[in-house]
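Keep in mind that the numbers below use all heavy atoms, side chains included, and drop hydrogens, waters and symmetry copies. This structure is a prediction, so every number in the text was calculated from the model and none was measured. Chain letters run A, B, ... following the sequence lines, proteins first, then strands; residues in each count from 1.
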Protein chains: 2
Amino acid sequence: MIAKEALSIDKAATALKLMGDKTRLTMLRILADHDCCVCEFVEIFNMSQPSISQHVRKMKDIGMIKEQRRGQWIVYSLNEEFEGYEMVKNVLHHLPVQDHHLEDLIQRGKRISCE
Amino acid sequence: MIAKEALSIDKAATALKLMGDKTRLTMLRILADHDCCVCEFVEIFNMSQPSISQHVRKMKDIGMIKEQRRGQWIVYSLNEEFEGYEMVKNVLHHLPVQDHHLEDLIQRGKRISCE
DNA sequence: TGCGTATATAAGCATATGCCTATATACTGA
DNA sequence: TCAGTATATAGGCATATGCTTATATACGCA
């Protein structure tokens, strides 16, 4: 693996730095199982909407996640075309499932995206 | 895997943040194959000795790498006891081998550690 | 014991990061 | 077209980060 599809140190460091934030890392772990929109993240993290938007933007800017407009909402998901996708997936597999956040959303009637 | 040996988001984020720096990530990729001491890193990165020491210290502080005094030198290596060791190893496997740095060291007669 | 080499720590500085509030833009539906 | 909801951007602030130089500490050897 190492030789053929190795990711450059630079690109990997950029991706890892983004993953090194607790909020973004949790977002990514959620996205590994469920697409989400910004307003859902706002509910989950109890954080201002602009803060969430900025986190999302950073990950979108490097291609780590992708967006898809669905009516009024913009739904985000992991980008399988991302050069570091395999690495990201690998990392996320070491982390605990974050379904409780989604279940909480549903209970509060705040779940938007339908998959 | 996910359930049993999952790393907490907090701990993973801390580890990933440290890996998100190009210098430290390169160090780790080197350490995946070879033990190294601080003065070798100083040569490799062409950076001040205190800067290298600080990078090393951060990784040592969270247990990601370990030290072993060998005479005059302190040799660093990946810590297999580190809770996130598997994740770290996994990430490093996605990166290109950094042997050229070691070969360069040897050519310049600056290689210290013997393995 | 004292010099030379290796490493660590302290202090300072410039830049990066993450959060906030205020405001702009985009889409939906009446 | 206008109100309401969702998202993005701008600007500001406090803290974190990475680097440097200066200095302290630790070890090996004459």
Side-chain angles (χ1 to χ4, degrees), chain A residues 9-10 13-28 30-31 35-62 64-77 105 108-114, chain B residues 9-10 13-28 30-31 35-62 64-77 105 108-114:
Chain A
I9 293 272
D10 270 57
T14 302
L16 292 166
K17 176 182 282 183
L18 289 192
M19 290 199 281
D21 175 88
K22 196 177 147 185
T23 303
R24 284 190 298 262
L25 187 59
T26 307
M27 284 179 176
L28 289 168
I30 290 171
L31 291 179
D35 294 357
C36 270
C37 63
V38 166
C39 62
E40 288 172 318
F41 284 138
V42 170
E43 291 293 327
I44 290 171
F45 295 103
N46 193 31
M47 193 177 281
S48 77
Q49 174 267 316
S51 291
I52 298 292
S53 268
Q54 281 164 22
H55 281 305
V56 164
R57 187 182 209 287
K58 285 178 184 179
M59 296 191 283
K60 198 188 65 181
D61 280 352
I62 69 161
M64 186 179 274
I65 65 177
K66 65 187 179 198
E67 66 179 29
Q68 181 195 352
R69 187 169 274 280
R70 202 178 290 174
Q72 196 168 5
W73 299 279
I74 299 177
V75 176
Y76 289 92
S77 53
L105 266 193
R108 292 194 282 138
K110 301 281 193 173
R111 176 67 169 149
I112 304 291
S113 325
C114 16
Chain B
I9 294 271
D10 270 57
T14 302
L16 292 166
K17 176 182 281 183
L18 289 192
M19 290 198 281
D21 175 87
K22 196 177 148 185
T23 302
R24 283 190 299 261
L25 188 58
T26 307
M27 285 178 176
L28 289 168
I30 290 172
L31 291 179
D35 294 356
C36 270
C37 62
V38 166
C39 62
E40 288 172 318
F41 284 138
V42 170
E43 290 294 326
I44 289 171
F45 294 103
N46 193 33
M47 194 177 282
S48 77
Q49 174 267 317
S51 291
I52 298 294
S53 268
Q54 281 164 23
H55 281 306
V56 163
R57 185 182 211 290
K58 285 178 185 179
M59 295 191 285
K60 198 189 65 181
D61 279 354
I62 68 161
M64 186 179 274
I65 65 178
K66 65 186 179 200
E67 66 180 28
Q68 179 194 354
R69 186 168 275 279
R70 201 177 291 173
Q72 197 168 6
W73 299 279
I74 298 178
V75 177
Y76 289 91
S77 53
L105 266 193
R108 292 194 283 140
K110 301 280 192 173
R111 176 67 168 148
I112 304 288
S113 325
C114 15

Nucleotide-resolved protein contact map, nucleotides 24-30 of chain C, B/S/- at heavy-atom distance under 4.0 Å: --SSS--
How does protein reach along nucleotides 9-18 of chain C, written 5' to 3' as B (base within reach of a heavy atom under 4.0 Å), S (only sugar-phosphate), or - (no contact)? BBB-----SS
Under 4.0 Å: is that the gap between some side-chain N or O of A:Ser48 and OP1 or OP2 of C:dC20? yes
Distance test, side-chain N/O of B:Tyr76 to OP1/OP2 of C:dA8, below 4.0 Å: yes
Calculate the interatomic distance between [X] atom [atom1] and [N] atom [atom2]; express it in whole Å.
X: B:Lys22; N: D:dT17; atom1: NZ; atom2: C1'; answer: 17 Å
X: A:Lys110; N: D:dT5; atom1: NZ; atom2: P; answer: 11 Å
X: B:Gln68; N: D:dC27; atom1: CD; atom2: C1'; answer: 16 Å
X: A:Ile112; N: D:dA6; atom1: CD1; atom2: C1'; answer: 9 Å

The criterion is salt bridge (charged side-chain N to carboxylate O under 4.0 Å, His left out); which residues satisfy it with A:Arg69, sequence neighbours excluded? none
Inter- and intrachain pairs under salt bridge (Lys or Arg N to Asp or Glu O under 4.0 Å), touching residues 41-55 of chain A, at least two apart: A:Glu43-A:Arg108, A:Glu43-A:Lys110
What pairs with A:Asp10 under side-chain contact (heavy atoms from CB on, under 4.5 Å), at least two apart in sequence or on another chain? A:Ser8, B:Lys22
Residues passing the side-chain hydrogen bond (donor to acceptor under 3.5 Å, both in side chains) test with B:Ser77, sequence neighbours excluded, are none
Roughly how far, to the nearest 0.5 Å, is the CZ atom of B:Phe41 from the CG atom of B:Leu31? 4.0 Å
